[in-house]
There are 2 protein chains.
Amino acid sequence: MEELPSAKRARPVTINDIAALTGVAPSTVSRALSKPGRVNHATRERIEAAARELNYVPNTQARALSSGRTGTIAVLVSAITNPFYFGIIRGTQQQLKAAGYAQLLIDTEDSGELEAAMLHKMRRSLDGAILAASRLSDRALAALATEIPLVTINRNVRGVQSVIIDTPAGIGQAVEHLVSLGHRDLIYVSGPQSSWPNEARWQALRSSAARHGVQARRAGPFPAERPSGSAAADAVVNTKATACIVFNDLLAIGMLTRLRERGVRVPGDISIVGCDDIFGADFCHPTLTTLTAPIEQAGRVSVSMLLSLLTDRLPDQNQRRCVVLPTHLTVRESSGPIA
Amino acid sequence: MEELPSAKRARPVTINDIAALTGVAPSTVSRALSKPGRVNHATRERIEAAARELNYVPNTQARALSSGRTGTIAVLVSAITNPFYFGIIRGTQQQLKAAGYAQLLIDTEDSGELEAAMLHKMRRSLDGAILAASRLSDRALAALATEIPLVTINRNVRGVQSVIIDTPAGIGQAVEHLVSLGHRDLIYVSGPQSSWPNEARWQALRSSAARHGVQARRAGPFPAERPSGSAAADAVVNTKATACIVFNDLLAIGMLTRLRERGVRVPGDISIVGCDDIFGADFCHPTLTTLTAPIEQAGRVSVSMLLSLLTDRLPDQNQRRCVVLPTHLTVRESSGPIA
DNA sequence: GTGAAAGCGCTAACAT
DNA sequence: ATGTTAGCGCTTTCAC
């Protein structure tokens with residue numbers, strides 16, 4: 001057909017070519033290349049030499065078809081533009097590459113249906129998946145986990161391995177910080193209701209406030225996006241409260257912008273504390289006091305868990321692991337003493 | 001509908017199951033599902049109904065093995081943590097999903113070798129690739145383009161389709177802006193030398209400055225990362241210049257932080273103009289005057305080009321397309337009149 | 001329009 | 001330790 005004179009685009013090299021060249025059976029080549037040790041050292045050397053000489057590149061599709069293992073892991077995030085996921089993506093990418101896996105990035109657009117559909121559709125071409133912000137119900141998640149190896153981040157469901165960033169514990173630190181600055185009325189600026197951490201953070205704030213004998217109220221819910229910060233800011237101003245803890249930094253940064261527009265001073269009039277410590281929290285204006293989360297580490301750990309799940313093939317479903325990662329308060333300019 | 005408890009992890013449904021159920025040959029099922037129109041309307045309906053009933057999910061590996069098409073496209077970025085790529089990733093993701101492709105995200109860690117190695121290794125499991133920041137030589141790129149369909153972003157090489165964000169043209173606007181504010185000595189804060197746009201931006205600045213009869217000098221090169229902003233800021237201060245244009249916003253934001261630490265006023269003492277208008281440019285302090293680039297659009301366009309390349313199978317290598325996307329200056333707080 | 005048959009490249013039992 | 005033999009699930013000639 002397209003036999004170019006230079007013989008470009010030639011038929012790709014296969015293990016059969018290597019077998020022919022070295023005089024062994026294709027299966028031996030396969031073994032030598034994929035499970036060294038189960039083959040004579042000398043022949044293995046020859047095979048590897050031949051492979052190098054022919055510039056052999058294994059066909060992952062064929063390998064996947066017969067072995068069932070695809071060598072790719074999906075990472076699902078709810079909105080790729082949320083800088084929170086940078087850290088996750090970076091962490092998973094690192095570990096996956098080190099382990100020889102490819103990373104398939106999927107944006108679920110904050111939709112549980114899309115999430116489930118994608119996972120179901122791709123389940124045969126994945127070795128596993130990491131759900132960085134699942135919007136699925138507990139039931140749906142547990143069901144999916146039987147179809148495909150799963151690790152969730154910030155989502156605690158029976159029967160599903162998970163990495164939890166313990167922001168709720170950090171909330172305690174934040175409350176203490178604010179109370180010691182004289183604040184007696186704390187607002188929680190709520191994120192999406194479908195978000196599991198959102199609820200956990202609010203509960204943590206409430207019980208922590210109760211312990212300190214201060215008032216805790218709630219505003220929202222708001223989408224966890226910067227533009228929603230305007231509405232959130234206005235809502236908080238209406239409450240007359242002097243301090244708030246915001247679902248995440250993205251929303252908090254949006255609030256900062258709006259408050260500045262309105263001439264509300266931060267922290268003079270209102271103190272603001274965010275969650276996560278994302279890219280931007282340290283250079284926005286004023287810089288943001290926030291709960292620093294080990295995001296990248298969460299990504300790395302989630303991959304480790306998933307990989308060990310793949311190799312160990314633990315038959316016991318109940319042998320579920322849940323790793324909890326601590327957070328800590330990073331005080332910057334957006335929080336201060338009550339006026 | 002849902003699988004029975006006993007029938008967990010059952011053998012996945014294949015076209016053979018559908019064939020058996022509908023009483024046609026597997027090949028007919030294959031045709032009906034992948035190229036409708038080449039099959040009788042009635043039988044096709046039956047097949048589709050059966051597929052739905054059995055909850056059939058095609059095996060992409062097997063499909064890829066026999067057809068050669070994998071349905072996945074790689075997007076290579078030089079550093080996943082650079083917010084510039086958010087837009088790219090988002091843009092490509094959108095279009096790819098719409099076209100039914102999966103997106104494989106690869107971080108090349110700013111290394112040309114890694115980039116080439118990855119592409120070579122995965123070339124059989126990809127239908128094509130988008131290089132958002134290639135560090136490869138022109139020769140290497142042209143060579144790779146014969147192995148696998150390629151579209152580059154911000155990289156102009158013969159024989160390779162590309163999307164160019166015309167920041168150099170925008171540089172002209174930035175220079176006019178600065179000159180009209182009274183600046184007569186402009187510094188270009190250089191990014192990585194291996195970056196193609198870096199050179200293009202410097203040349204644009206130089207010729208534009210010449211046209212206006214003002215001085216143009218160069219500082220750096222610096223890695224395009226926020227921490228490098230400190231060194232860059234110090235270097236610029238040393239030049240005694242009153243204004244600079246910075247390779248990208250990430251570096252510019254880093255400079256802002258350092259200048260603030262040092263008590264250098266922006267724009268009072270130095271005006272700063274960035275490039276790209278990334279996440280953060282509008283809420284850093286002071287907010288950053290920058291060349292706004294249609295990043296997400298670049299991602300979308302690159303996918304369109306790649307897909308048409310795949311379908312059209314243009315036999316003429318010379319029929320290369322290069323789409324140029326305009327940029328514009330967005331004036332914010334970091335640039336002002338000379339003191 | 002549909003069926004039969006031959007692989008795609010590799011791995012995984014079984015033999016030896 | 002190595003060779004033999006079947007497939008994995010699908011697409012794709014080539015007949016009919």
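None of the values given here were measured: they were computed from a predicted structure. Chain A is the first sequence line, chain B the second, and so forth, proteins listed ahead of strands; every chain is numbered from 1.
- Taking atom CG of residue A:D17 and atom P of nucleotide C:dG9, one finds them 9 Å apart after rounding to whole Å.
- Rounded to whole Å, atom C1' of C:dT2 lies 14 Å from atom NZ of B:K35.
- Counting only N and O atoms by type, the side chains of B:T92 and B:Q103 include a donor and acceptor under 3.5 Å apart.
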### Message
Applying side chain to side chain donor-acceptor pair (under 3.5 Å) to A:S134 and A:E115, what does each step give before you reach the verdict?
### Response
CA-CA 8 Å; A:S134 184; A:E115 184 181 346; 2.6 Å; yes
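- End-to-end axis angle for the helix from C:dG1-D:dC16 to C:dT16-D:dA1, using five pairs per end and rounding to 10°, comes out at 30°.
- Rounding to the nearest 0.5 Å places CZ of A:R52 at 10.5 Å from CD1 of A:I18.
- No hydrogens or angles were tested; on distance alone, a donor-acceptor pair under 3.5 Å links the side chain of B:R31 to the base of C:dG3.
- Look at A:S27 and you won't find any side-chain N or O under 4.0 angstrom from OP1 or OP2 of C:dC10.
- Residue B:E45 contributes atom CD, which lies 16 Å from atom P of C:dG1 at whole-angstrom precision.
- Under 4.0 Å is where a charged nitrogen must lie from a carboxylate oxygen, and between B:D107 and A:K97 no such pair does.
- If you measure from atom CG of A:N16 to atom C1' of C:dT11, you get 12 Å, rounded to the nearest angstrom.
- Within 4.0 Å of A:G23, counting heavy atoms only, lie sugar-phosphate atoms of the nucleic acid but no base atom.
- In this structure, the side chain of B:D127 engages the main chain of B:G71 through a donor-acceptor pair within 3.5 Å.
- Here the closest heavy-atom approach between residue B:I47 and residue B:V24 is recorded as CD1-CG2, 4.1 Å.
- For the side-chain contact (heavy atoms from CB on, under 4.5 Å) with A:V151, the qualifying choice from A:V303, A:L306, A:L307 is A:L306, the only one to do so.
- Listed candidates were C:dG3, C:dC10, C:dT11. Nearest to the side chain of A:P58 is C:dC10.
- Protein chain A contacts DNA chain D over a range whose 5' and 3' limits, counting nucleotides with an atom under 4.0 angstrom from a non-hydrogen atom, are D:dA1 to D:dG9.
- Nucleic acid contact class of B:T14 (heavy atoms, under 4.0 Å, all strands): sugar-phosphate only.
- Under the 3.5 Å distance criterion, with hydrogens and angles disregarded, a donor-acceptor pair is assigned to the side chains of A:Y85 and A:S78.
- Straight-line distance from the CZ atom of A:R63 to the C1' atom of C:dC8: 16 Å, rounded to whole Å.
- Mapped onto DNA chain D by nearest heavy atom, B:Y56 and A:R44 fall at different nucleotides, with A:R44 at the one closer to the 5' end.
- Rounded to an integer number of Å, the gap from B:R124 CZ to C:dG9 P is 6 Å.
- Of the residues near DNA chain C, B:T43 and B:L65, the one whose nearest nucleotide (by heavy atom distance) lies more toward the 5' end is B:T43.
- Distance CD1 (B:I18) to P (C:dG3): 14 Å, rounded to an integer number of Å.
- A donor-acceptor pair is defined here as one N or O able to donate and one able to accept, closer than 3.5 Å; no such pair exists between the side chain of A:S30 and the backbone of A:P26.
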